[in-house]
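Contents: one structure, followed by commentary.
Read the numbers this way: they start at 1 and go in the same order the structure lists the ligands and their atoms. Counting from 1, the numbers follow the sequence of the chain as shown.
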Amino acid sequence: MEGLEKAIEQIKENIPKLDLRENEPMRNHCSFKVGGAVRAFAVPGDLFEMSKVMFYLHMNGVSPLTLGKCTNVIFPEEGLDIMVISTENLRKLRLGETENTIYAEAGVSLAKLAQFARDNGLSGLEFASGIPGSVGGGVLMNAGAYGGEMKDVVESVVVYYVPTQALTEVKGSDCGFEYRRSAFEKINCAIMGAVFKLTPDDPEAIGARMKEMNAKRTASQPLDMPSAGSAFKRPVGGYAAALIDRCGLKGYTVGGAQISQKHAGFAVNTGSATYDDVVELLDHVRREVYAQTQITLEPEIRIYPKGMMLVDDWRERKQTIIDGMLEQAKQNAADSAAESRDVRPS
Ligand SMILES: Cc1cc2nc3c(=O)[nH]c(=O)nc-3n(C[C@H](O)[C@H](O)[C@H](O)COP(=O)(O)OP(=O)(O)OC[C@H]3O[C@@H](n4cnc5c(N)ncnc54)[C@H](O)[C@@H]3O)c2cc1C
């Protein structure tokens, strides 16, 4: 992709200290341990460096794929001609400016965030302590567990809004949070950090709740095998795992990808899974569950399509708007010329 190659050259020249890896295999990063190389993998050291990377991509008509801990994503074996921006070095974590709040940058792990809250006697993030993702990924998909979700605790989110190349703070109530969704999925932006509003409580009591939730998690989930968490979202009025189990699909295997024997909601990598195995496995499960129950399961894991390109078509969109305005101006001029002809005294 020409724009991407130009952006890579400009980024190398103008941000020489950036950790920029070319042709980086995604299987080294993804919790499912599959996936070929992306053309470039940038790991900015701070928010400023990240903004600069996004600027050069934008100027060349390219959108990045921003990723956190890669615990919810699967990449094709053939690789993708895209640039990933990893937030793994955006790890600032501190008490917020207002009472009972915490500010965390996008790359902070949810486990660290929950522990920090506990150590500061702040309750509300216990549910997140066993989710292996980052603040950015957790906010983007409104991660949740054991009755809690990000929506309950996010006071505001700091985003880098690509069209204006500016940092903007979005109030929690404006984030469009729904079950495993947020408005950020549809907006051309990167989540840079978030402020969490919590409730004071005894650190020991908070710790005990975290321990209890994590014991439940260990007992029920296949944490000893590579996975990307729940393969499907919860359908209305039920649980994906229960449906899959009821349809006799526990242990169903395609190549190295398998519906976990321990928890039917998880797809696991038994060792040699490929992207195609995962796609075929999940496709089979969806079709079989639909055939037996007429319920359509929606994937929770993000499976990036082969050949995916991420284009930032702002130039074309801007030109379309300008063309539209010029056309409108011409039309207005023609209309008023016709009008003045009509009113001229004969
Ligand atoms: C064993 C296991 C257990 C899990 N348990 C749970 C659970 O209980 N509850 C739950 O909700 N999830 C669970 N998950 C799934 C996953 O951990 C969460 O969805 C997590 O929030 C994803 O965060 P991440 O940093 O890994 O995101 P990634 O996988 O890196 O990215 C996921 C999506 O978020 C986007 N994204 C990431 N960071 C940013 C950013 N800074 N700005 C903009 N977009 C961004 C990516 O582009 C992508 O679309 C589990 C996963 C595993 C492997």
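- Of the protein's non-hydrogen atoms, the one nearest atom 43 (C) of ligand 1 is I191 N, 3.6 Å.
- By the criterion of a heavy-atom distance under 4.0 Å, both the backbone and the side chain of T66 are placed next to ligand 1.
- G137 N, 3.4 Å is the protein heavy atom nearest to atom 38 (N) of ligand 1.
- The closest approach between E149 and ligand 1 stays at or above 4.0 Å for every heavy atom of the residue.
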Quiz prompt | Audit row: S123, R209, side chain to side chain contact (heavy atoms under 4.5 Å, CB included) steps and yes/no | solution = CA-CA 10 Å; S123 165; R209 285 195 290 274; 3.4 Å; yes
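- Contacts with ligand 1 closer than 4.0 Å are made by side-chain heavy atoms of L140 only, the backbone lying farther away.
- Distances below 4.0 Å separate heavy atoms of L65 from the following atoms of ligand 1: 47 (O).
- Ranking protein heavy atoms by distance to atom 18 (C) of ligand 1, first place goes to M141 SD, 3.7 Å.
- Looking from atom 5 (N) of ligand 1 to the surrounding protein, the closest heavy atom is R217 NH1, 3.1 Å.
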Quiz item: Y252 and Q258: side chain to side chain contact (heavy atoms under 4.5 Å, CB included), yes or no, with the steps?
Solution: CA-CA 6 Å; Y252 184 80; Q258 184 179 69; over 6 Å; no
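- Contacts between M192 and ligand 1 below 4.0 angstrom, taking non-hydrogen atoms only, are absent altogether.
- At a 3.5 angstrom cut-off on N or O pairs, T71 counts as close to ligand 1.
- Hydrophobic clustering, with ILVMFWY side chains joined whenever heavy atoms are under 4.5 angstrom apart, groups L20 together with V62.
- Less than 4.0 angstrom separates some heavy atom of A106 from each of these atoms of ligand 1: 41 (N).
- Cluster membership for M192 and L67, using ILVMFWY side-chain heavy atoms within less than 4.5 angstrom, is not shared.
- Here is the list of ligand 1 atoms found below 4.0 Å of a heavy atom in T87: 41 (N).
- Here's the thing with L110: none of its N/O atoms is less than 3.5 angstrom from an N/O atom of ligand 1.
- The distance from atom CG of L282 to atom CG of L297, rounded to the nearest 0.5 Å, is 10.0 Å.
- To the nearest 0.5 Å, atom CZ of residue R217 and atom CG of residue L223 are 7.0 Å apart.
- Shortest non-hydrogen contact noted between R180 and E185 is O-OE2, 4.2 Å.
- A cation-pi contact, defined as under 6.0 Å to the ring centre and within 45° of the axis, is absent between R286 and F232.
- Listed by number with element, the atoms of ligand 1 under 4.0 angstrom from any heavy atom of A143 are 11 (O), 21 (O).
- Atom 51 (C) of ligand 1 has G229 CA, 3.3 Å as its closest protein atom, hydrogens excluded (heavy atom only).
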Exercise. Go through the steps for V53 and M83 under the test side chain to side chain contact (heavy atoms under 4.5 Å, CB included), then give the verdict.
Key: CA-CA 10 Å; V53 173; M83 182 182 287; 3.9 Å; yes
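- Under a 4.0 Å criterion applied to the non-hydrogen atoms of A145, ligand 1 contributes the atoms 8 (O).
- For an aromatic pair to be called close, the ring centres must be under 6.0 Å apart, and F75 with Y304 satisfies this.
- S134 OG, 2.6 Å is the protein heavy atom nearest to atom 25 (O) of ligand 1.
- Tracing side-chain contacts under 4.5 Å through hydrophobic residues (I, L, V, M, F, W, Y), one reaches M309 starting from I8; they form part of the same cluster.
- Counting heavy atoms closer than 4.0 Å to ligand 1, residue S227 contributes atoms from both its backbone and its side chain.
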Practice problem: Could you walk me through whether M225 and N269 pass the side chain to side chain contact (heavy atoms under 4.5 Å, CB included) test, one step at a time? | Solution: CA-CA 7 Å; M225 296 179 90; N269 183 349; over 6 Å; no
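- Taken together through direct or relayed side-chain contacts under 4.5 Å among Ile, Leu, Val, Met, Phe, Trp and Tyr, V285 and I74 form part of one hydrophobic cluster.
- Per-residue contacts place L223 under 4.0 angstrom from the following atoms of ligand 1 (heavy atoms of the residue considered): 1 (C).
- In A228, the part holding a heavy atom less than 4.0 Å from any atom of ligand 1 is the backbone.
- Salt-bridge formation is not detected for the pair K233/E300: no Lys NZ or Arg NE/NH1/NH2 atom is positioned less than 4.0 Å from an Asp or Glu carboxylate oxygen.
- If you check which protein heavy atom lies closest to atom 13 (C) of ligand 1, you get I131 CG2, 3.8 Å.
- Residue-level proximity to ligand 1 for E185 is absent, since no heavy atom of it falls below 4.0 angstrom.
- Taking every heavy atom of both residues into account, A219 and K262 meet most closely at O-CE, 3.2 Å.
- The nearest heavy-atom contact from the protein to atom 4 (C) of ligand 1 is P132 CD, 3.6 Å.
- When non-hydrogen atoms are compared, ligand 1 lies under 4.0 Å from the backbone of L67 as well as from its side chain.
- Short contacts between ligand 1 and G144, defined as distances under 4.0 Å to a heavy atom of the residue, involve ligand atoms 7 (C), 8 (O), 9 (N), 10 (C), 11 (O).
- Between K112 and D119, none of the side-chain N atoms (NZ, or NE/NH1/NH2) sits under 4.0 Å from a carboxylate O, so this pair counts as no salt bridge.
- Side-chain rings of F55 and H58 stay apart, their centers remaining 6.0 Å or farther from each other.
- Set against the non-hydrogen atoms of R180, the atoms of ligand 1 under 4.0 Å away are 11 (O).
- By the criterion of a heavy-atom distance under 4.0 Å, the side chain of Y304, and not its backbone, is placed next to ligand 1.
- Counting heavy atoms under 4.0 Å from ligand 1, residue K69 touches it through both backbone and side chain.
- Of the N or O atoms in S31, none lie within a sub-3.5 Å distance of an N or O in ligand 1.
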